[in-house]
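Worksheet: the structure to be examined is printed underneath.
Side-chain atoms are counted along with the backbone in the values below, which use heavy atoms only and exclude waters and symmetry mates.
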Amino acid sequence: MTINNSAFTSDLVRLLDERGYIHQMTNAAALDALADKEVIPGYIGFDATAPSLHVGSLVQIMLLRRMQQTGHKPIVLMGGGTTKIGDPSGRDASRQMLTDADIAANIASIRRIFEPFLTFGDGPSDAVMVNNADWLDQLGYVEVLRNIGPHFTINRMLTFDSVKLRLDREQPLTFLEFNYMILQAYDFRELSRSHGARLQMGGSDQWGNIVNGIELARRMDGAELFGVTTPLLTTANGAKMGKTASGAVWLNPDQLSAHDYWQYWRNCDDRDVGRFLALFTDLPMDEVRRLGQLGGSEINEAKKILANLATAMCRGADAATAAAESAAKLFEQGGMAGGVASVAIAAEGDSIVNILKALGFVASNNEAKRKIAEGAVRVGGTIVSDAMARILPGDAPIAVQFGAKKHGQIAAK
C-alpha cells in the first residue's frame, strides 16, 4: 500500500511513499522526523544462496539506492552466516546446505550487482557492504542461549508466518531454521552498535524478523530502531516478480544476457508499466504518470523506455543501447541481431527440435517436445504446435522466441 501522507517532511520517506515502496512502517512519524534532521544508516540483508540475485530482489536494491539519493547511508548486509542456516520465510522446504567456499564465492559474485546501483566508499552517505559471518561465526551456543534467548518466546515465534506456513502445511521446519529469526534480530542489534544502523528494510515477509530486531535492541541496549517493508511484488497477472516460465530473471550478466534482460522489461504487462517505471527507474514521477497512462500502441514506446532505463541501470548504457538495437533488428527490421543466440541451417532446413537444441534453449528432444506442446515456442512470430515441424531458412534471419525471455534467430548457411 502507498501511505500518501502529505505530512511527511523528509526527502527519504516522501520519496519512498511517492514511488510506491512502503507497505508497513514502525513509528512512521519518528522515522520521518529523524530522516529530516540527520543521516540515517539503514540496511537490507541478502543471503548468498546463489551466485546472483534475481529481479525479485531489485526492489530492495532500489530501496538502498533511494536512501543514498536522499543523503542517507546504505548498508548492504551479506548473509555469510545466516546463509548457513536458511531463511524459512516464504518456503515450504529447507534450503540446500552450502559450504563456506560456496558462500564466499556467491558473495563475491553478488557484490558486482550492487556496484551500478550504489556508490561505495568512506563518505557519510557512501554505501558499505558487511558480512554477518564476521560476528555470527564468533557467537558461542551457550552465549546465544543465555544472552539472547531470554528475549524470545516460543509462543510468539510460532505466530510468525514463516513458521506457521510450514507447520500448517505439515512441512518439516528444522531447529536450525527455527533459529534464523533470532540471528536476524541479532544482526540488527549488532549493526546498530557497530555501524549506527537505525533502519532495517525488507520485503513484507520480513516484518516479523525486523520487529524482532527492533525489540531485541530496545531490550538489550535501550536503542530506538525502525523498520520499513515493501509490498509483495507481483505482476499484473499475479505472477511472482523475478520468475518466469523459463526461469529466474538474473541480475548478474554472467547468468542472463543484456538482450534477454531488456526483453523481460519490454514484454511486461501494459498494466505494470507505470508501477515499474516508479520502482525501477529514476524517471521523474510526472513523466512516470504520463507514460503509465498511455494506451494502445503508445504503451509499447513506454515499455521500451522502461526496458532501456532498467537495463542501463543494471547493465550499463552501452548494453542497454545494444539490446535495444538488437531487438529492433530482430523483431522490427528483420535483420541479424547481436547479443542473441543464432543457428545457421541449410536450404533443406532442419527440425524445430534440433534448432532449439542448437540454440541452447533445451537439453534434450523430450524437453523440446514438452515446450512445444506447452505453446512456448514461436518461429517468425507464429506459435509452433507440431514437434515434427521442419523449418526452412526462407527469408532469413527468422526470429525464434522460447518462453518469455529467450530469443534467438535462424540464419541461412
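Salt-bridge annotation for E374 and K371: present, with a side-chain N of the basic residue lying under 4.0 Å from a carboxylate O of the acidic one. Under a 4.0 Å N-O distance rule, the pair D221/R218 does not qualify as a salt bridge. Between K369 and D386 there is no salt bridge, since no side-chain N of the basic residue sits under 4.0 Å from a carboxylate O of the acidic one. Under the 4.0 Å criterion applied to side-chain N and carboxylate O atoms, D272 and R275 are assigned as salt-bridge partners. The existence of a salt bridge linking E287 and R290 is confirmed by a sub-4.0 Å separation between a basic side-chain nitrogen and an acidic carboxylate oxygen.
Atom CD in Q200 sits 8.5 Å away from atom CG in L191 (nearest 0.5 Å). For the atom pair OG of S57 and CG of L63, the computed distance is 11.5 Å after rounding to the nearest 0.5 Å. Atom CD of Q24 and atom OG1 of T229 lie 4.0 Å apart (nearest 0.5 Å). The distance from the OG1 atom of T83 to the CD1 atom of I103 is 5.0 Å, given to the nearest 0.5 Å. To the nearest 0.5 Å, atom OG of residue S125 and atom CE of residue M67 are 10.0 Å apart. Atoms CG and CG, on L53 and D47 in that order, are 10.0 Å from each other to the nearest 0.5 Å.
Of all heavy-atom pairs spanning R66 and T281, the tightest one is NH2-O, 2.7 Å. Listed here is the closest heavy atom pair of T230 and H23: C-CB, 3.4 Å. When all heavy atoms of R189 and S192 are compared, the pair lying nearest together is O-OG, 2.7 Å. The shortest non-hydrogen separation linking L199 to F188 is C-CZ, 3.8 Å. For the pair G408 and L359, the tightest heavy-atom approach, listed with the atom from each and the gap, is CA-CD2, 4.5 Å. Considering every non-hydrogen atom in both A258 and A319, the closest pair reads CB-CB, 3.9 Å.
With hydrogens and angles left out, the side-chain atoms of N366 and S364 include no donor and acceptor closer than 3.5 Å. Of the N and O atoms on the side chains of Q69 and D282, at least one donor lies less than 3.5 Å from an acceptor on the other residue. For the residue pair S351 / N354, a side-chain donor-acceptor distance below 3.5 Å is found, with atom types taken as modelled. Side-chain polar atoms of D102 and T99 form a donor-acceptor pair below 3.5 angstrom.
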Checklist entry - Where do R14 and D36 land on the salt bridge (charged side-chain N to carboxylate O under 4.0 Å, His left out) test, with the steps shown first? => result CA-CA 10 Å; R14 279 194 287 107; D36 202 27; over 6 Å; no
Checklist entry - Between N300 and S297, does a side-chain hydrogen bond (donor to acceptor under 3.5 Å, both in side chains) hold up when you go through it step by step? => result CA-CA 6 Å; N300 290 323; S297 60; 5.9 Å; no
Next on the checklist: Is there a side-chain hydrogen bond (donor to acceptor under 3.5 Å, both in side chains) between Q206 and Q184? Walk through the geometry before answering.
Outcome noted: CA-CA 10 Å; Q206 297 299 312; Q184 184 169 327; 3.1 Å; yes
Item to check | Residue pair L232, D205: steps toward the side-chain contact (heavy atoms from CB on, under 4.5 Å) verdict | outcome: CA-CA 8 Å; L232 175 64; D205 60 341; over 6 Å; no
Next on the checklist: Evaluate I299 against D270 for side-chain contact (heavy atoms from CB on, under 4.5 Å), listing each step before the verdict.
Outcome noted: CA-CA 7 Å; I299 196 66; D270 293 359; 3.7 Å; yes
Checklist entry - S109 and N252: side-chain hydrogen bond (donor to acceptor under 3.5 Å, both in side chains), yes or no, with the steps? => result CA-CA 8 Å; S109 179; N252 192 318; 2.9 Å; yes
Next on the checklist: side-chain hydrogen bond (donor to acceptor under 3.5 Å, both in side chains) for S10 and D32? Distances and angles first, verdict last.
Outcome noted: CA-CA 6 Å; S10 69; D32 184 45; 2.6 Å; yes
Next on the checklist: Does E190 form a salt bridge (charged side-chain N to carboxylate O under 4.0 Å, His left out) with R193? I'd like the steps, not just the answer.
Outcome noted: CA-CA 5 Å; E190 171 62 29; R193 286 181 152 198; 5.7 Å; no
Checklist entry - Does the side-chain contact (heavy atoms from CB on, under 4.5 Å) test come out yes or no for I110 and S52, once each step is laid out? => result CA-CA 5 Å; I110 289 171; S52 176; 5.6 Å; no
Checklist entry - Given the rule in the side-chain contact (heavy atoms from CB on, under 4.5 Å) test, do I410 and D350 qualify, once you have shown the distances and angles that lead to the verdict? => result CA-CA 10 Å; I410 300 169; D350 203 348; over 6 Å; no
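Judged by distance alone, the side chain of N131 and the main-chain N or O of G80 form a donor-acceptor pair under 3.5 Å. Here the side chain of H54 pairs a donor or acceptor atom with the backbone of G56 at under 3.5 angstrom. Using a distance-only test at 3.5 Å, with no hydrogens or angles considered, a donor-acceptor pair links the side chain of N106 to the main chain of A48.
The closest side-chain heavy-atom distance from V76 to V130 is not below 4.5 Å. The shortest side-chain heavy-atom distance between N27 and E224 falls under the 4.5 Å cut-off. Side chains of Y186 and N132 form no contact here, defined as non-hydrogen atoms less than 4.5 Å apart. In this structure the side chain of Q60 never reaches within 4.5 angstrom of the side chain of L64, judged on heavy atoms. Here the side chains of V362 and F402 are in contact, with some heavy-atom distance below 4.5 Å. Side-chain contact check for Y21 versus L279: some heavy-atom pair is nearer than 4.5 Å. In this structure, F361 and V377 have side chains that are not in contact, with every pair of non-hydrogen atoms separated by 4.5 Å or more. Proximity of K303 to N267: side-chain heavy atoms (C-beta onward) are nowhere separated by under 4.5 Å.
The aromatic rings of F280 and W265 sit tilted, their planes meeting at an angle between 30° and 60°.
Applying the 6.0 Å contact sphere to CG of N237 captures more than 12 heavy atoms from other residues, nucleotides or ligands.
Figure legend: R111 and F120 shown as a cation-pi pair, the cationic atom lying under 6.0 angstrom from the six-membered ring centre and within 45 degrees of its axis. F226 does not carry R198 over the face of its six-membered ring by the limits of under 6.0 Å from the centre and within 45° of the normal.
Checked against the 6.0 Å centroid threshold, W250 and Y261 do not count as a close aromatic pair.
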Which pairs would a plain distance check flag for residues 305-314, meaning a side-chain donor or acceptor within less than 3.5 Å of a matching protein atom at least two apart in sequence or in another chain?
residue, atom, partner, partner atom, Å
N308, OD1, W262, NE1, 2.7
N308, ND2, K304, O, 3.2
T311, OG1, A307, O, 2.7

